[in-house]
Number of protein chains: 2
Amino acid sequence: MKFGIQLRTKHQEILLYCISMSLILFLLKWLEAHFIVFNYRLDFFIGAIAIIFTVLGIWLALKLVKPKVEIRIIEKKVYIDNPGKTEINQQEIVKLGISRRELDVLNLIAIGLSNEEIAGKLFISLNTVKTHSSSIFLKLDVKRRTQAVEKAKRLNIIH
Amino acid sequence: MKFGIQLRTKHQEILLYCISMSLILFLLKWLEAHFIVFNYRLDFFIGAIAIIFTVLGIWLALKLVKPKVEIRIIEKKVYIDNPGKTEINQQEIVKLGISRRELDVLNLIAIGLSNEEIAGKLFISLNTVKTHSSSIFLKLDVKRRTQAVEKAKRLNIIH
DNA sequence: ATCGAAATCACCCGAAAGTGTGAAAGAAAA
DNA sequence: TTTTCTTTCACACTTTCGGGTGATTTCGAT
């Protein structure tokens, strides 16, 4: 699994900025330690270099910047050629091998009850509900109860 | 215009940039004023300057340029057996005070995704998804995601 | 210029959900 | 009668969910 450690990543920018500033200062100190001399024409030359590479940096950033993504959920309508009523598909239930009790549990899951509430309503234990729901997920080939509800409704197993 | 608004919000960064530039220029002048001899590698020094100002240029561009927006579409399949009667109730959404982002999350919950999967799909953190879903449950007056889906479908907030 | 809403994120903690294994009783089918 | 299926339950364990709190950033409106 992932690390449990979560850092406040928003401060990373500032941290990065501080580090780079420190690096610059360190560089200048290093240069100073090595007795580097400037003449006056060099000053102008360095200015030009600075401007050029600033522009270069800006250009580079514009080229490489990752575009900010905006998510838009659109609904793709899929029309089912099932004119008229919404009959429960018994064949599908049989085909998937879903038992009566499992269907009971599935229906109660679909209306948003918790496992404990389902257990209370069907007069069975919490563990039994878990067993049923697990086998439902297995038969429907899903991982979560929300997925199970979605798929079951799509297959007209429940409504 | 947009640029003016951005200037206002980013004026701290500009200030910071100016200060750092001034600091660097001051340091250079100081070094020059102290007759530090530049006996060693001139090209090395220029390279350092180039790198520094490239980085500063990149940083400046990233800070000031309005991010490019890339719209990413997530298709959500809606299975309809009775076309023509399934309109999304916008008034209900407004009445409940459900925001656009919360609606995104709600739609992804409805198709059975886990919070972590939603976070991956919307490019936000798991904690943010939790915050959104919590406020959804509050606004819909439900306790669980399955209930939220059930109620939202009943209110025609989602399909 | 100030303020509020929306969106983002972190962290802690407890509750609920889900997995895996095993088992027992009753009903139906072979 | 034996076998198989369904339903029931337990228990340990991991993962996910949800509540609560607090914080930052951005945007729009006043």
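Just so it is clear: chains get the letters A, B, ... in the order the sequence lines come, proteins before strands, and each one is counted from 1.
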Exercise for review: Spell out, as yes or no, whether a donor-acceptor pair under 3.5 Å connects the side chain of B:T128 to the backbone of B:I124.
Suggested key: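 Such a contact is absent between B:T128 side chain and B:I124 backbone.
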Exercise for review: Would you confirm whether A:S133, through its side chain, and A:K130, through its main-chain N or O, come within 3.5 Å as a donor-acceptor pair?
Suggested key: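 Between the backbone of A:K130 and the side chain of A:S133 there is a qualifying donor-acceptor contact (under 3.5 Å).
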For [X] and [N], give me the distance from atom [atom1] to atom [atom2], rounded to whole Å.
{"X": "B:I136", "N": "C:dA7", "atom1": "CD1", "atom2": "C1'", "value": "13 Å"}
{"X": "B:K143", "N": "C:dG14", "atom1": "NZ", "atom2": "C1'", "value": "16 Å"}
{"X": "B:N127", "N": "D:dT16", "atom1": "CG", "atom2": "C1'", "value": "13 Å"}
{"X": "B:L138", "N": "D:dG19", "atom1": "CG", "atom2": "P", "value": "8 Å"}

Point to revise | Shortest non-hydrogen separation from B:K151 to B:L140 and the atoms involved | key: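 Here B:K151 and B:L140 meet closest at NZ-O, 3.1 Å.
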Exercise for review: For residues B:H159 and B:K153, report the shortest heavy-atom separation together with the two atoms involved.
Suggested key: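 Where B:H159 meets B:K153 most closely, the heavy atoms are O-CE, 3.2 Å.
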N/O-N/O pairs, protein side and nucleotides 5-8 of chain D side, under 3.5 Å:
{"from": "D:dT7", "atom 1": "OP1", "to": "A:R101", "atom 2": "N", "distance (Å)": "3.3"}
{"from": "D:dT7", "atom 1": "OP2", "to": "A:S99", "atom 2": "OG", "distance (Å)": "2.3"}
{"from": "D:dT8", "atom 1": "OP1", "to": "A:R101", "atom 2": "NE", "distance (Å)": "3.0"}
{"from": "D:dT8", "atom 1": "OP1", "to": "A:R101", "atom 2": "NH2", "distance (Å)": "3.1"}
{"from": "D:dT8", "atom 1": "OP2", "to": "A:R101", "atom 2": "NE", "distance (Å)": "3.0"}
{"from": "D:dT8", "atom 1": "OP2", "to": "A:H132", "atom 2": "NE2", "distance (Å)": "2.9"}

Point to revise | A:K143, NZ atom: more than 12 neighbouring heavy atoms under 6.0 Å | key: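 12 or below, so no.
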Review point. Under 4.5 Å between any side-chain heavy atoms of A:V94 and A:Q91, yes or no?
Key: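 No; the side chains remain at least 4.5 Å from each other.
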Check your understanding: Which salt bridge (charged side-chain N to carboxylate O under 4.0 Å, His left out) pairs, counting each pair once, include a residue from residues 102-112 of chain A, with sequence neighbours left out?
Key ->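 Matches after skipping sequence neighbours: A:R101-A:D104, A:E102-A:K139.
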Point to revise | Carboxylate-amine/guanidinium contact B:E150 B:R145, below 4.0 Å | key: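 Here B:E150 does not pair with B:R145 in a salt bridge, since their nearest N and O are not under 4.0 Å apart.
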Set out, line by line, the N/O atom pairs under 3.5 Å between protein and nucleotides 15-17 of chain C.
{"from": "C:dA17", "atom 1": "OP1", "to": "A:N115", "atom 2": "N", "distance (Å)": "3.4"}
{"from": "C:dA17", "atom 1": "OP2", "to": "A:N115", "atom 2": "N", "distance (Å)": "3.0"}

